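Quick note on labels: first sequence line is chain A, next is B, and so on, each numbered from 1. Since the structure is predicted, the reported quantities are computational estimates derived from the model, not experimental observations.
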There are 2 protein chains.
Amino acid sequence: MGDALRIALLGCGVVGSQVVRLLDEQAGDLAARVGVPLELAGVAVRRPARHTDLPAGLVTTDAAGLVARGDVDIVVEVIGGIEPVRSLLLDALAGGKSVVSANKALLAEDGATLHDAAAKAGVDLYYEAAVAGAIPLLRPLRESLAGDRITRVIGIVNGTTNFILSRMDATGAGFDEALGEATELGYAEADPTADVDGFDAAAKAAILAGLAFHTRVTASDVYREGIGAVSAADVASAKAMNCTIKLLAICERTRGADGTEQVAVRVHPAMLPRSHPLAGVGDAFNAVFVEADAAGSLMFYGRGAGGAPTASAILGDLVAVARNRVRGSRGTGESSYAALRVQPMGEVTTRYHVALDVADQPGVLAAVAGAFAEQGVSIQTVRQEGRGDAATLVLVTHTATDDALSRTVRHLADMPFVRRAASVMRVEGTVNE
Amino acid sequence: MGDALRIALLGCGVVGSQVVRLLDEQAGDLAARVGVPLELAGVAVRRPARHTDLPAGLVTTDAAGLVARGDVDIVVEVIGGIEPVRSLLLDALAGGKSVVSANKALLAEDGATLHDAAAKAGVDLYYEAAVAGAIPLLRPLRESLAGDRITRVIGIVNGTTNFILSRMDATGAGFDEALGEATELGYAEADPTADVDGFDAAAKAAILAGLAFHTRVTASDVYREGIGAVSAADVASAKAMNCTIKLLAICERTRGADGTEQVAVRVHPAMLPRSHPLAGVGDAFNAVFVEADAAGSLMFYGRGAGGAPTASAILGDLVAVARNRVRGSRGTGESSYAALRVQPMGEVTTRYHVALDVADQPGVLAAVAGAFAEQGVSIQTVRQEGRGDAATLVLVTHTATDDALSRTVRHLADMPFVRRAASVMRVEGTVNE
Ligand SMILES: NC(=O)c1ccc[n+]([C@@H]2O[C@H](COP(=O)([O-])OP(=O)(O)OC[C@H]3O[C@@H](n4cnc5c(N)ncnc54)[C@H](OP(=O)(O)O)[C@@H]3O)[C@@H](O)[C@H]2O)c1
Ligand SMILES: NC(=O)c1ccc[n+]([C@@H]2O[C@H](COP(=O)([O-])OP(=O)(O)OC[C@H]3O[C@@H](n4cnc5c(N)ncnc54)[C@H](OP(=O)(O)O)[C@@H]3O)[C@@H](O)[C@H]2O)c1
């Protein structure tokens with residue numbers, strides 16, 4: 001067997017500590033699979049006193065120094081965030097080291113710079129763990145479906161929000177109560193902003209769209225709405241239509257008004273019919289649907305987060321990167337030749353569910369229907385529930401541009417007989433009332 | 001852009017014709033993804049008169065001559081069967097051509113010879129399409145999970161039998177009636193033996209087990225029972241337990257009596273609780289569950305067959321193989337270092353469901369329970385349904401070796417008060433009556 005490949009581990013928290021464990025426990029199998037042993041050269045952390053369980057001499061606070069060492073072949077990054085990580089990884093790549101990372105935030109913000117650096121140095125940059133944890137997803141998109149035309153990727157890619165929405169659906173609880181439960185059970189972090197406001201899902205959506213459509217997509221290209229405004233009333237309204245509410249990451253191949261092929265990438269809560277396979281994805285699980293011309297619909301399901309599942313994805317990348325180094329080759333790099341335009345949200349076609357509390361008087365339905373017609377939006381179903389002098393109108397539209405739909409909703413809210421828009425939410429899949 | 005890579009297509013039937021279509025329709029994208037164009041050098045068929053739609057000059061009946069041509073870089077094989085295909089592919093590999101194949105029968109019978117030839121020549125042998133059609137499965141097993149320890153792969157990998165069992169479950173029809181329906185709708189071939197008797201699923205199980213456990217497994221190592229003996233009574237019995245019957249391919253890491261790690265690979269119908277995610281996989285769909293130490297449970301779902309989905313998987317492999325040739329490198333080859341023993345079925349632990357028609361007389365239950373106890377088999381649940389002077393005893397066992405269980409069932413059938421074993425079937429998953 002040849003010389004060992006030496007690994008610098010940056011970060012040793014929830015994920016990194018599991019990487020250390022697996023490298024140790026699986027050492028024999030990893031060596032057999034790669035062809036040479038994988039050896040830990042050093043572990044960079046911030047607070048070394050917390051890491052006395054690591055073999056002596058491995059721990060350092062000097063991440064830059066570790067990355068620069070001549071005896072390091074591969075850098076595994078599980079620190080997270082933009083800086084200092086970006087600089088560290090650019091240094092690693094420039095120094096001819098291959099990189100494995102779980103850092104969705106960095107890849108979605110500035111993947112292009114990293115990919116360019118990897119290509120220039122002729123080394124690998126892999127990041128399967130950045131999206132949907134243990135679920136093999138990026139490699140299938142990049143390789144298995146490389147001969148097909150992907151039209152749509154739609155998924156539940158954030159476990160925290162899925163846990164919260166699943167609880168709201170199961171118990172009728174409001175958002176705050178469900179978030180509290182998630183925090184208590186360790187499903188939500190102390191500062192849940194990145195999850196709840198959809199930043200985490202948006203970063204993943206950007207990465208998925210880039211791979212699926214061979215186009216550079218950054219987090220700022222992604223339309224983003226979190227779940228903080230999802231109310232118990234929304235959940236009840238969804239239930240009445242035999243739907244559930246999920247935070248979806250949706251990447252679509254679309255057509256612009258001029259007929260050109262474009263892509264739309266968005267993250268928002270949506271009502272989904274319970275018959276949809278994604279509707280049954282509970283707790284903190286992740287699942288992603290991929291639609292391609294020849295392959296049809298595919299689904300991938302599993303654990304989207306957690307130390308061990310994420311470490312599994314990292315180790316898979318590590319073996320791939322190591323095998324490439326042993327062979328003196330390089331895996332598939334970035335593919336962004338299509339360079340499709342990212343369509344602004346207003347131009348994307350969506351469907352809306354709208355529940356309005358209205359005064360129960362003649363002409364209300366006609367006025368509401370007129371407001372939709374004025375924007376060119378046609379209505380699929382409408383249901384009226386009377387309650388004394390008030391009534392609730394529940395409408396589901398056909399598809400229209402998101403602009404036309406949101407404009408209509410704004411107009412409606414201003415109408416004198418509309419007391420309140422009780423629930424406004426986009427709808428995905430085929431809804432039958 | 002560099003010189004085109006030239007492809008010899010062997011076979012142009014259901015799958016091959018879709019490969020031709022996609023190569024043509026996706027030509028621009030494929031070239032961009034590979035780095036050079038992919039060009040069809042020739043198409044070998046048996047009956048050229050049927051292929052007048054192909055560009056003139058491409059069609060030949062001389063597959064061996066096509067494979068031997070100096071201007072061919074990659075051979076795509078979609079003929080099927082063992083010979084002449086094995087000889088053709090060995091010639092191709094020896095001649096330095098990379099091979100993409102959908103041929104599960106050949107890979108399961110003699111994959112080792114092909115892998116050795118590919119390794120010797122330093123070229124690729126890819127066959128994602130051979131198992132579960134469009135579902136990316138072999139690449140995730142080989143690469144994404146390469147850093148993990150897979151413990152179990154359990155799947156529905158044959159669409160024909162899944163369609164038949166789904167119909168029996170939905171309508172209460174017998175096997176013959178459901179098979180007739182499948183044939184009529186084109187889900188079953190004129191000679192359905194390979195599907196119905198489990199040969200197709202067994203070949204796929206061998207391939208999956210080989211990849212999952214880094215061990216050479218051939219079709220003859222796979223315990224195999226088809227669905228021909230599944231009766232309407234079995235289906236009804238399953239329903240009464242809130243189960244459905246599926247033909248499962250099961251690959252497990254096991255322990256031998258001596259404590260050594262072994263693998264068990266089997267294909268047989270089994271009762272599965274309706275709450276199990278595989279229970280909901282209907283029609284001709286395929287789905288595969290993978291369990292790994294760090295990743296946890298993963299599921300892959302999609303179309304397991306059909307011209308276009310299978311061609312999608314082939315094109316994915318083709319792009320990978322072509323990218324490797326452009327880089328002058330080679331993908332991951334066979335990994336069989338673990339060389340685990342394949343455990344004979346008799347030693348494998350399973351669970352049984354047994355429904356016995358018995359005379360309703362005192363001591364019957366005691367005698368039946370005694371027969372199980374004698375073989376060291378403990379019973380999880382028992383239910384007695386009286387009907388006049390006869391009764392039906394329905395038992396579900398705890399796990400025991402398949403030998404002990406089948407021996408017990410044979411003993412029971414010989415007991416004087418047992419009129420008939422109405423249904424005997426293995427059980428997977430957690431069953432609660
Ligand atoms: N947790 C998951 O389930 C999950 C899933 C998928 C992807 N990810 C991604 O994986 C990455 C790590 O996540 P995590 O949950 O493991 O985070 P974590 O538990 O907070 O661990 C972060 C680690 O980085 C170290 N660190 C922080 N700043 C550093 C610096 N400047 N130099 C050196 N070390 C530094 C910390 O050191 P100390 O230990 O000394 O504080 C700690 O060991 C993130 O990109 C995250 O998005 C996580
Ligand atoms: N069909 C599926 O859904 C599916 C799914 C997964 C995997 N597969 C696998 O894909 C392979 C092909 O399946 P298929 O359904 O496409 O089969 P098919 O429709 O029967 O086509 C077989 C093709 O091979 C040609 N052929 C047969 N013997 C030949 C020979 N000796 N030399 C040259 N050409 C020969 C036939 O020529 P003629 O056209 O002139 O008869 C035909 O074009 C099989 O290994 C199968 O297991 C199929």
Side-chain angles (χ1 to χ4, degrees), chain A residues 18 21-23 25-26 29-30 32-34 128 133-141 143-149 214 277 280 287 290 292-303 306-320 323-324 327-330 332 335 337-338, chain B residues 18 21-23 25-26 29-30 32-34 128 133-141 143-149 214 277 280 287 290 292-303 306-320 323-324 327-330 332 335 337-338:
Chain A
Q18 292 298 313
R21 178 178 70 84
L22 293 178
L23 277 174
E25 286 179 14
Q26 308 262 83
D29 281 305
L30 293 171
R33 293 173 195 178
V34 171
E128 180 72 62
I135 309 174
L137 190 58
L138 305 194
R139 186 171 278 107
L141 289 178
E143 303 187 22
S144 310
L145 289 163
D148 208 333
R149 189 170 165 278
H214 301 267
V290 179
D293 275 353
S297 298
L298 302 170
M299 190 169 85
F300 303 79
Y301 172 93
R303 286 185 197 282
T310 307
S312 169
I314 288 174
L315 270 275
D317 276 356
L318 189 52
V319 167
R323 280 170 172 165
N324 287 341
R327 282 196 285 264
S329 74
R330 189 182 168 234
T332 303
S335 172
Y337 70 90
Chain B
Q18 292 297 313
R21 178 177 70 83
L22 293 178
L23 277 174
E25 286 178 14
Q26 309 263 82
D29 282 306
L30 293 171
R33 293 173 195 179
V34 171
E128 180 71 64
I135 309 173
L137 189 58
L138 305 195
R139 186 171 277 106
L141 288 179
E143 302 186 22
S144 310
L145 290 163
D148 207 332
R149 189 170 165 279
H214 301 268
V290 178
D293 275 353
S297 297
L298 303 169
M299 188 168 89
F300 302 80
Y301 173 93
R303 288 187 193 281
T310 308
S312 168
I314 288 174
L315 270 275
D317 276 356
L318 189 51
V319 167
R323 280 170 173 166
N324 287 341
R327 282 196 287 264
S329 74
R330 190 184 167 232
T332 304
S335 172
Y337 70 90

### Query
Can you tell me if A:R33 uses its side chain to pair, donor with acceptor, with the backbone of B:S335 under 3.5 Å?
no
### Per-residue contact mode, B:T332 against chain A (heavy atom under 4.5 angstrom)
both
### Query
If you measure from OG on B:S144 to CD1 on A:I135, what distance do you get to the nearest 0.5 Å?
11.5 Å
### Task
Please determine, among B:G296, B:A32, B:G307, the option with the most heavy-atom pairs under 4.5 Å with chain A.
B:A32
### Task
Under the side-chain hydrogen bond (donor to acceptor under 3.5 Å, both in side chains) rule, what do B:S329 and A:R327 come out as? Steps first, then yes or no, please.
CA-CA 7 Å; B:S329 74; A:R327 282 196 285 264; 5.6 Å; no
#### Entry: CG on B:D148 to CD1 on A:I314, rounded to 0.5 Å
12.0 Å
### Task
Flag the one option from B:P136, B:G302, B:A134, B:A311 with the top tally of heavy-atom pairs under 4.5 Å to chain A.
B:P136
### Message
Report which part of B:L298 has an atom under 4.5 Å of a heavy atom belonging to chain A: side chain, backbone, both, or neither.
### Response
both
### Query
From B:D293 CG over to A:S312 OG, what is the distance, rounded to the nearest 0.5 angstrom?
9.5 Å
### Task
Measure B:L145 against the heavy atoms of chain A and call it side chain, backbone, both or neither at under 4.5 Å.
both
### Message
Between B:R330, B:R149, B:E25, B:H214, who has the most heavy-atom pairs with chain A when the cutoff is under 4.5 Å?
### Response
B:H214
### Message
Taking CZ in B:R139 as the centre, count heavy atoms belonging to other residues, nucleotides or ligands within less than 6.0 Å. Is the count above 12?
### Response
yes
### Part of B:R323 lying under 4.5 Å from any heavy atom of chain A
side chain
### Interface moiety of B:F300 toward chain A, non-hydrogen atoms closer than 4.5 Å
both
### Task
Look at the side chain of B:Q26 and the backbone N and O of A:G147, then say whether any donor-acceptor pair between them is shorter than 3.5 Å.
yes
